[in-house]
Amino acid sequence: MPFKFFALMFAIPALYLMGFEIAEKVLAGIIVGATEIAEYAVHNTNPGYWLFILIALGLQFFYQEGTRIQPQEQKVLKGSHRIGFQEIAGLQVLTKQVFSRRSGGFMSYELNLVQNNGNRLTLMNHGDQVRLLHDARKIADVIERPLWAPEFR
């Protein structure tokens, strides 16, 4: 999470200042179409803005919060969470209906790591139940814990 904050610290001021520079031209009526705005942004705005945006994108790319299973160390790593295999009770698959304005509703499948103390940590969300279950079974085999998943058709 902190890397997302740093990425935003770079991108937001650059986009904010770039927006003022572009808005001035739009309000003056010099550029009117989306392609003209994009062309102006690429060719005529301060290159320093682009540097900050590229740094932000780089931070997002290189510091994505992924899930890593380390069998040799007997640990699951997810962001700042370090959970030993002995602390894991099992893996849980949940199904939920997700609604959005653009695509309407669709089914989403969530894989959670359930700890012995009852805490849950979401490892992944997926729209494809077959792929999520395939990955969940692989993880359950590696950590040697049960997979709790409803019957899917």
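Just so you know, these numbers come straight off a predicted model, no measurement behind them. Any value given below was found using the heavy atoms of this structure, including those in side chains, with hydrogens, waters and symmetry copies removed.
Under a hydrophobic clustering in which Ile, Leu, Val, Met, Phe, Trp and Tyr are joined whenever their side-chain heavy atoms come within less than 4.5 Å, directly or via other members, Leu147 and Leu123 fall into the same cluster. By the criterion of side-chain heavy atoms lying less than 4.5 angstrom apart, applied directly or through intervening Ile, Leu, Val, Met, Phe, Trp or Tyr residues, Leu111 is not grouped with Leu77; the two fall into different hydrophobic clusters. Linking ILVMFWY side-chain heavy atoms closer than 4.5 Å, directly or via other members, places Leu91 and Val114 in two distinct hydrophobic clusters. Residues Leu113 and Leu133 share a single hydrophobic cluster, defined by chaining ILVMFWY side chains whose heavy atoms lie under 4.5 Å apart. Hydrophobic clustering (side-chain heavy atoms under 4.5 Å, transitive across Ile, Leu, Val, Met, Phe, Trp, Tyr) keeps Val98 apart from Met124.
Contact detail for Phe85 and Arg145: the closest heavy-atom pair is O-NH2, 2.8 Å. The two residues Ala89 and Pro146 have their closest heavy-atom pair at O-CD, 3.3 Å. Taking each heavy atom of Gln97 and Phe106 in turn, the nearest pair found is NE2-N, 3.4 Å. Closest heavy-atom contact between Ile83 and Glu87: CG2-CB, 4.0 Å.
At most 12 heavy atoms of other shown residues, nucleotides or ligands fall within 6.0 angstrom of atom CD in Glu144.
Between the OH atom of Tyr109 and the NZ atom of Lys96 there is a distance of 12.5 Å, given to the nearest 0.5 Å. Taking CD of Gln92 as the start and OG1 of Thr122 as the end, the distance is 9.0 Å to the nearest 0.5 Å. Here Leu121 contributes atom CG and His81 contributes atom NE2; the two are 5.0 Å apart, rounded to the nearest 0.5 Å. Note that CZ of Arg82 is 11.0 Å distant from CD of Glu73, once rounded to the nearest 0.5 Å. Here CG of Asn112 is found 4.0 Å from CD of Glu110. Values are rounded to the nearest 0.5 Å.
Contacts of Ser108 classified as side-chain hydrogen bond (donor to acceptor under 3.5 Å, both in side chains), with partners at least two apart in sequence or in another chain: none.
Side-chain contact, Arg120 with Gln115: no donor N or O sits under 3.5 Å from an acceptor N or O.
Using a 4.5 Å heavy-atom threshold, the side chains of Ile88 and Asn116 count as separate.
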